[in-house]
Protein chains: 2
Amino acid sequence: MNESFLEKLRFNADGLIPAIIQERKNGRILMMAWMNRDSLLKTIETKRTWFWSRSRQKYWMKGESSGHIQRVEKVSFDCDGDTILIEVEQVGAACHEGYKSCFFRDISGEGEVSANDEPLVKPEVVYKDKVREARRQEKEKDGSESSAELGGSKV
Amino acid sequence: MNESFLEKLRFNADGLIPAIIQERKNGRILMMAWMNRDSLLKTIETKRTWFWSRSRQKYWMKGESSGHIQRVEKVSFDCDGDTILIEVEQVGAACHEGYKSCFFRDISGEGEVSANDEPLVKPEVVYKDKVREARRQEKEKDGSESSAELGGSKV
């Protein structure tokens, strides 16, 4: 692959760039997550979305736990080179809370918050092995680190 | 306005949150820029998009120079509360380079970069007063700060 496009991009001080993920067939915004140089290259090469988790300090492929992968169809970047846009075909739900899109809550002109969608799947079913494992570890450690990690990530 | 929704949002260490701007009528992503608490409140109140410029350390309203305003139609936020999505009616071009969208360049699977659109307007016409003023200041100061500022912002 010709990697010279990387020169046109501006990664932040932590070496990261935000990536907007959009469902190509209908334009719906699914999520926003952070990529670094290598996860972007991997995304373009494998045609699956790879991110860098700031909280867990590790790479993750969208759908690796849930099966809800994103097939990459188009990659663009903005005029300043500091944001990536990736159009995908989304399998299942993008949001770890079971919604198609992570943007399932609106703010009205009066500041009221309301849901704009229903969950597509039940997270406890999609992530049942992960949830079971997290519970097991919690019991063992008598701590809640694993469940917090599960809850805080887009998987 | 009920401001309690702010508790659900996670601003970064600099007090900022990224806002994705989408054209409501066709789902096209126009730009991404940063808001702080006050510019978000102002955006919801005035139904125009207000941002915080990190480079210039000041508020700016999209379209204040160009007339290419964004009429706010819907505001959403994601599951983690760390990204805002704003659906708008865009007047004219969102990009300071004259394109409808800032995301006018694609990266192919081989890493090749190509334009995916033609400019909608000529920036030197849209920003003629600003360009003229910048040139005048440049002459006066024999510096290029003003033109750099013009070029680096989404106006």
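Residue numbers start from 1 in every chain, and the chains themselves are labelled A, B, ... in the order their sequence lines are given, proteins ahead of strands.
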S.K.: For a 4.5 angstrom cut-off between non-hydrogen side-chain atoms, does B:Pro18 reach A:Pro18?
M.R.: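 Side-chain contact under 4.5 Å: no.
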
S.K.: Just how far is it from atom CG of B:Asn116 to atom CG of A:Leu85, taken to the nearest 0.5 Å?
M.R.: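 Here the rounded value is 9.0 Å.
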
S.K.: Quick check on the interface: out of A:Glu45, A:Glu112, A:Arg28, who has the most heavy-atom pairs with chain B under 4.5 Å?
M.R.: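 Maximum pair count with chain B is reached by A:Glu112.
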
S.K.: Within this structure, what is the CG-NE2 distance for the pair A:Asp80 and B:His96, rounded to the nearest 0.5 Å?
M.R.: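 If we round to the nearest 0.5 Å, A:Asp80:CG and B:His96:NE2 are 6.0 Å apart.
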
S.K.: Please flag which part of B:Asn26 lies under 4.5 Å from any non-hydrogen atom of chain A: side chain, backbone, both or neither.
M.R.: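 When you check distances to chain A, no heavy atom of B:Asn26 falls under 4.5 Å.
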
S.K.: Under 4.5 Å heavy-atom distance to chain B, tell me which part of A:Val75 shows up: side chain, backbone, both or neither.
M.R.: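 Both backbone and side chain of A:Val75 come within 4.5 Å of chain B.
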
S.K.: Counting only non-hydrogen atoms closer than 4.5 Å, does A:Gln22 touch chain B with its backbone (N, CA, C, O), its side chain (CB onward), both, or neither?
M.R.: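 For A:Gln22, side-chain heavy atoms alone lie under 4.5 Å from chain B.
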
S.K.: Measure from the side-chain N and O atoms of B:Arg105 to the backbone N and O of A:Ser76, and report whether any donor-acceptor pair falls under 3.5 Å.
M.R.: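 Not confirmed, B:Arg105 side chain does not pair with A:Ser76 backbone.
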
S.K.: Measure A:Ser108 against the heavy atoms of chain B and call it side chain, backbone, both or neither at under 4.5 Å.
M.R.: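 Answer is backbone: N, CA, C or O of A:Ser108 sit under 4.5 Å from chain B.
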
S.K.: Given the options B:Ile29, B:Ile44, B:Ile107, which has more heavy-atom pairs under 4.5 Å with chain A than any of the others?
M.R.: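 Top count of heavy-atom pairs under 4.5 Å with chain A: B:Ile107.
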
S.K.: Counting only heavy atoms not in A:Gln57, do more than 12 sit closer than 6.0 Å to its CD atom?
M.R.: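 Atom CD in A:Gln57 is crowded, with more than 12 foreign heavy atoms closer than 6.0 Å.
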
S.K.: Go through the steps to decide whether B:Met31 and A:Asp78 satisfy the test side chain to side chain contact (heavy atoms under 4.5 Å, CB included), and finish with yes or no.
M.R.: CA-CA 7 Å; B:Met31 54 184 276; A:Asp78 73 347; over 6 Å; no

S.K.: Measure the CD-CG distance between A:Glu87 and B:Asp106 for me, rounded to the nearest 0.5 Å.
M.R.: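 If I round to the nearest 0.5 Å, the distance is 8.0 Å.
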
S.K.: Got more than 12 heavy atoms from elsewhere within 6.0 Å of NZ, B:Lys47?
M.R.: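 It does not: B:Lys47 NZ has 12 such atoms or fewer within range.
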
